[in-house]
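Some notes on the structure that comes next.
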Amino acid sequence: MFRIVAKKELAPRIKLFDVEAPEIARKARPGQFIILRVDEEGERIPLTIADFDQKKGTITIIFQEVGKTTELLGELQAGDSILDFVGPLGCPSEIERFGTVVCVGGGVGVAPVFPIARALGEAGNRVVSIIGARSRDMLIWEDEMRNVSSELLVATDDGSYGIKGFVTDILTGVLSREKVDRVVAIGPAVMMREVCRVTPESIPTVVSLNPIMVDGTGMCGACRVEVGGKTRFACVEGPEFDGHQVNWELVLKRSKMFVEEERIAMERGGCRCQENARR
Amino acid sequence: MSEVRRKIIPTKHPMPHQDAKERCHNFNEVALGYDEDTAVAEAQRCIQCKNSPCMEGCPVEINIPAFIKKITERDFAGAISIIKEKNNLPAICGRVCPQENQCEKKCTVGKKHEPVAIGRLERFVADWEMAHGSRSVKKAKPNGKKVAIVGSGPSGLTAAADLALMGYKVTVFEALHMPGGVLVYGIPEFRLPKSIVAREIASIVELGVEIKTNYVVGKLGRVDELLQEGYDAVYIGTGAGLPSFMNIPGENLNGVYSANEFLTRNNLMKAYRFPEYLTPIRVGKRVAVIGGGNVAMDAARTALRLGAESYIVYRRSFEEMPARREEIEHAREEGVHFEILTSPVEIKGNEEGRVTSMVCQRYELGEPDESGRRSPIPIKGSEYEMQVDTVIMAIGQGPNPLIQQTTPNLKTNKRGNIVVDDTTGQTSIPGVFAGGDIVTGAATVILAMGAGKRAARAIHEYIQSKG
Ligand SMILES: Cc1cc2nc3c(=O)[nH]c(=O)nc-3n(C[C@H](O)[C@H](O)[C@H](O)COP(=O)(O)OP(=O)(O)OC[C@H]3O[C@@H](n4cnc5c(N)ncnc54)[C@H](O)[C@@H]3O)c2cc1C
Ligand SMILES: Cc1cc2nc3c(=O)[nH]c(=O)nc-3n(C[C@H](O)[C@H](O)[C@H](O)COP(=O)(O)OP(=O)(O)OC[C@H]3O[C@@H](n4cnc5c(N)ncnc54)[C@H](O)[C@@H]3O)c2cc1C
Ligand code: SF4
Ligand code: SF4
Ligand code: FES
Ligand SMILES: [Mg+2]
């Protein structure tokens with residue numbers, strides 16, 4: 001069992017947990033993720049390691065409630081425990097002194113960008129961060145991102161904060177204004193695809209794919225993606241890939257594999273205890 | 001002796017089964033097991049050979065005549081004690097061992113008649129013990145030495161149990177949230193109930209073995225770190241879990257699963273009880289399973305039970321099928337269809353990216369290939385389309401790569417299997433041993449267990465020799 005030591009609500013339906021997992025905290029690197037299972041009946045879902053604290057022995061996860069499992073997770077309180085929590089999975093981000101790196105985070109994707117931006121800054125890069133959300137109240141970790149970036153730019157779809165528009169609008173401006181050596185983008189698949197359309201092939205553009213996963217150890221192939229025409233298992237060979245090489249259409253289609261079942265799961269009703277009593 | 005032989009009933013006592021028409025709609029166990037009287041009667045078919053050739057066929061060295069004799073005396077507790085001297089997973093072996101190629105193949109009675117049903121008898125006494133409460137465990141005196149086992153499949157569990165019985169402090173590291181390896185994620189409930197796996201694993205834990213689940217060696221501690229942290233030896237039993245695909249067009253469409261994904265969703269994650277259990281699975285109306293091994297049979301029979309029409313699509317003929325005869329028979333009885341001498345060349349989908357059909361090609365058999373089986377040759381112009389919504393690839397698994405990638409100096413062959421000394425299981429790194437599917441490639445439960453047993457002995461010798 002893995003105890004939740006702190007819980008914060010960052011925005012409507014976006015929550016943060018610090019989870020006690022000292023062994024994982026010792027090994028975690030930016031770009032890696034964990035897989036958790038809330039309880040005995042639960043499914044296994046992946047979440048990126050948003051931060052890690054070796055001294056406290058904790059892993060920070062930030063998740064958006066988009067379906068049954070994230071909703072059940074969101075009901076847990078500080079002091080409660082998560083049944084299974086395994087990691088750090090996936091390959092760490094490539095951290096080097098590249099020069100100027102633009103880090104783009106959209107929606108809940110700001111969280112996984114944070115440790116990467118921090119590590120890139122520590123490695124001596126100029127880090128320009130662009131974060132975005134639908135509206136001001138949905139924007140997360142603005143201060144954290146500002147602290148680790150040379151410059152922070154913000155976009156909201158409705159213009160309630162920062163510039164009105166998309167992160168790609170700001171990115172286009174930055175690319176025309178200065179020499180950029182690398183772009184890192186994490187967010188919804190459509191956002192990452194658009195970022196890759198904006199960046200020329202000459203600028204390496206790293207994206208973190210989030211296909212459906214089960215084991216996270218390379219054993220099932222549920223997480224197959226196509227990169228450069230080749231099938232790759234994102235859980236062990238990724239989750240980060242060269243965005244210019246990604247077959248985005250496939251990423252989008254495969255994420256809808258279980259939409260019907262996901263709806264049925266939501267209809268199952270909130271309280272597990274009642275269901276157990278009925279059985 | 002000749003007097004006894006005259007009385008031998010020529011055939012095994014039949015195994016009672018759940019009716020095929022019933023069982024294709026549920027996940028309850030298919031084979032129901034002998035009752036006491038049937039077990040005793042079957043045990044009486046054994047002629048108690050002095051040289052006991054059956055034992056040569058058992059990789060874990062069970063004293064077969066001795067335990068069968070106890071059954072004839074109705075001393076079932078005595079029978080299970082004899083088995084457990086050598087085998088800590090008898091209820092599992094009694095169910096899934098390919099006995100026809102192991103102990104029963106060597107049985108003297110089998111020369112003229114059907115062999116003694118050794119596996120069924122083993123299952124009977126193991127189940128009898130579970131039903132009548134566990135006997136007290138004799139924990140060994142700790143010898144102060146520690147061994148780490150990577151992977152909790154049958155190989156790792158057997159090594160763990162044997163080492164614990166010799167007094168070692170054993171920790172098993174398992175990547176998944178539940179121990180058992182293929183026994184829990186691969187082999188379906190209707191062949192091997194998970195409650196039985198859990199019981200047998202619990203009896204290994206009672207010997208003092210610690211199992212750490214959710215621990216991916218290589219991502220958390222690496223093998224070299226385990227040695228530095230004070231483990232005197234490491235045993236690697238990480239299995240052959242890497243699914244193969246065919247590299248044909250359309251293989252990444254929604255509705256194409258690896259057998260591993262399909263079976264893991266259903267067995268480990270209990271998707272057949274969705275939405276009570278939250279992991280989804282989708283089968284649609286018609287399912288094609290590609291392959292002819294045990295894994296393919298399990299996937300096809302699972303698909304059937306989830307409500308689909310189920311087809312095995314196999315390149316060669318029935319004769320070359322690597323699956324156990326019994327499994328093929330069970331699948332046919334339940335209504336699985338067989339498209340033999342057939343293989344897909346393309347999978348087609350609709351706009352949403354979902355499978356709608358599979359283009360297949362017919363094959364004929366040519367000369368025997370290096371495996372001794374007649375090789376399949378495609379027939380030109382024989383392409384036809386098969387309407388399916390789900391395709392399950394069951395064409396084999398490669399070695400799990402994580403340990404090899406994170407353990408420098410660990411020698412592997414070109415397929416990625418760990419190279420070991422055949423008799424000891426010693427790898428190219430001192431103090432690091434390996435066995436089971438990670439060494440042999442996908443094989444059987446009992447061979448993986450035999451390797452675990454041999455390695456346990458070699459680990460004991462290695463640690464003693466270091467003083
Ligand atoms: C490597 C990786 C890192 C991720 N990091 C984060 C993160 O830091 N924060 C965050 O909020 N989300 C993250 N996700 C996405 C998160 O896993 C899904 O939102 C979650 O699984 C949805 O589960 P659900 O039951 O609540 O919703 P559902 O209604 O079941 O699913 C909603 C959508 O989520 C996707 N999804 C469903 N099941 C899975 C699964 N088992 N694995 C992956 N995706 C699935 C599907 O596209 C689905 O349509 C990450 C995904 C991956 C692969
Ligand atoms: C569907 C199916 C049906 C089968 N049916 C039969 C049958 O009827 N009879 C029979 O005899 N055989 C059968 N087999 C084959 C048999 O199950 C295997 O040969 C046997 O399980 C191999 O045992 P193992 O201990 O070597 O590996 P596995 O059982 O594969 O166990 C390996 C374990 O190691 C874990 N692991 C891997 N990497 C790591 C890591 N880095 N850190 C920690 N843990 C790790 C895995 O999660 C897994 O739990 C079947 C196989 C399948 C897939
Ligand atoms: S473990 Fe397998 S090979 Fe050994 S006696 Fe039992 S069924 Fe036969
Ligand atoms: S070979 Fe057959 S008959 Fe002889 S002891 Fe073994 S089980 Fe009995
Ligand atoms: S999630 Fe199973 S192989 Fe990647
Ligand atoms: Mg879900």
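Predicted model, so just to flag it, every value in this text is computed and none were measured. In what follows, every heavy atom counts, from backbone to side chain, and hydrogens, waters and symmetry copies are set aside.
- Counting heavy-atom neighbours within 6.0 Å of Gln405(B) CD, excluding the residue itself, gives a total above 12.
- In this structure, the separation between CD on Glu40(A) and OH on Tyr277(B) is 6.0 Å, given to the nearest 0.5 Å.
- Heavy-atom proximity under 4.5 angstrom to chain B picks out Glu226(A), Thr231(A), Phe233(A) from residues 226-240 of chain A.
- For Ile281(B), the part lying near chain A is the backbone, with the side chain staying farther off; criterion is any non-hydrogen pair under 4.5 Å.
- Between chain A and the options Gly398(B), Ala271(B), Gly241(B), heavy-atom pairs under 4.5 Å are most frequent for Gly241(B).
- Looking at Thr69(A) and Leu278(B), their side chains come closer than 4.5 Å, going by heavy atoms from C-beta outward.
- Shown here for Phe258(A) and Arg265(B), the closest heavy-atom pair between the two residues is CE1-NH2, 3.3 Å.
- There is no contact between Phe262(B) and chain A, counting heavy-atom distances below 4.5 Å.
- Using modelled atom types, one side-chain atom of Lys219(B) and one backbone atom of Gly90(A) make a donor-acceptor pair closer than 3.5 Å.
- Side chains of Pro280(B) and Met257(A) form no contact here, defined as non-hydrogen atoms less than 4.5 Å apart.
- With a threshold of 4.5 angstrom between heavy atoms, Leu263(B) does not approach chain A through any atom at all.
- For Arg254(A), the parts lying under 4.5 angstrom from a heavy atom of chain B are both the backbone and the side chain.
- Proximity to chain A (any heavy atom under 4.5 Å) is restricted, for Glu251(B), to the backbone atoms N, CA, C and O.
- Pairing each heavy atom of Pro243(B) with each of Gly218(A), the nearest pair is CD-O, 3.7 Å.
- Residues of residues 172-179 of chain B lying under 4.5 angstrom from chain A, judged on non-hydrogen atoms, are Ala175(B), Leu176(B), His177(B) by number.
- Annotation: the span from Phe274(B) atom CZ to Glu41(A) atom CD amounts to 13.0 Å, rounded to 0.5 Å.
- Considering CD of Glu23(A) and OH of Tyr215(B), their distance stands at 5.0 Å, rounded to 0.5 Å.
- Listed options Leu220(B), Leu242(B), Val256(B) were ranked by heavy-atom pairs under 4.5 angstrom with chain A; first place goes to Leu220(B).
- For the atom pair Asn214(B) CG and Leu36(A) CG, the distance stands at 10.0 Å (nearest 0.5 Å).
- Only the side chain of Ile212(A) comes within contact range of chain B, judged by heavy atoms closer than 4.5 Å.
- By number of non-hydrogen pairs under 4.5 angstrom with chain B, the leading residue of Asp84(A), Asn247(A), Val225(A) is Asp84(A).
- Annotation: maximal heavy-atom pairing with chain B below 4.5 Å, among Pro88(A), Gly221(A), Gly216(A), occurs at Pro88(A).
- For Arg44(A), the parts lying near chain B are the backbone and the side chain together; criterion is any non-hydrogen pair under 4.5 Å.
- At distances below 3.5 Å, not a single donor-acceptor pair connects side-chain atoms of Lys253(A) with backbone N or O atoms of Arg354(B).
- More than 12 heavy atoms of other shown residues, nucleotides or ligands fall within 6.0 angstrom of atom CD in Glu229(B).
- Between the NZ atom in Lys27(A) and the CD atom in Glu225(B) there is a gap of 3.0 Å [rounded to 0.5 Å].
- In plain terms, the two heavy atoms of Cys220(A) and Ser258(B) that are nearest each other are O-OG, 2.6 Å.
- Considering Ile35(A), Ile24(A), Leu89(A), Asp215(A) in turn, Leu89(A) is the only one that fulfils the side chain to side chain contact (heavy atoms under 4.5 Å, CB included) rule with Val216(B).
- Taking Asn252(B), Thr279(B), Thr264(B) one by one and counting their heavy-atom pairs under 4.5 Å with chain A, the maximum is reached by Asn252(B).
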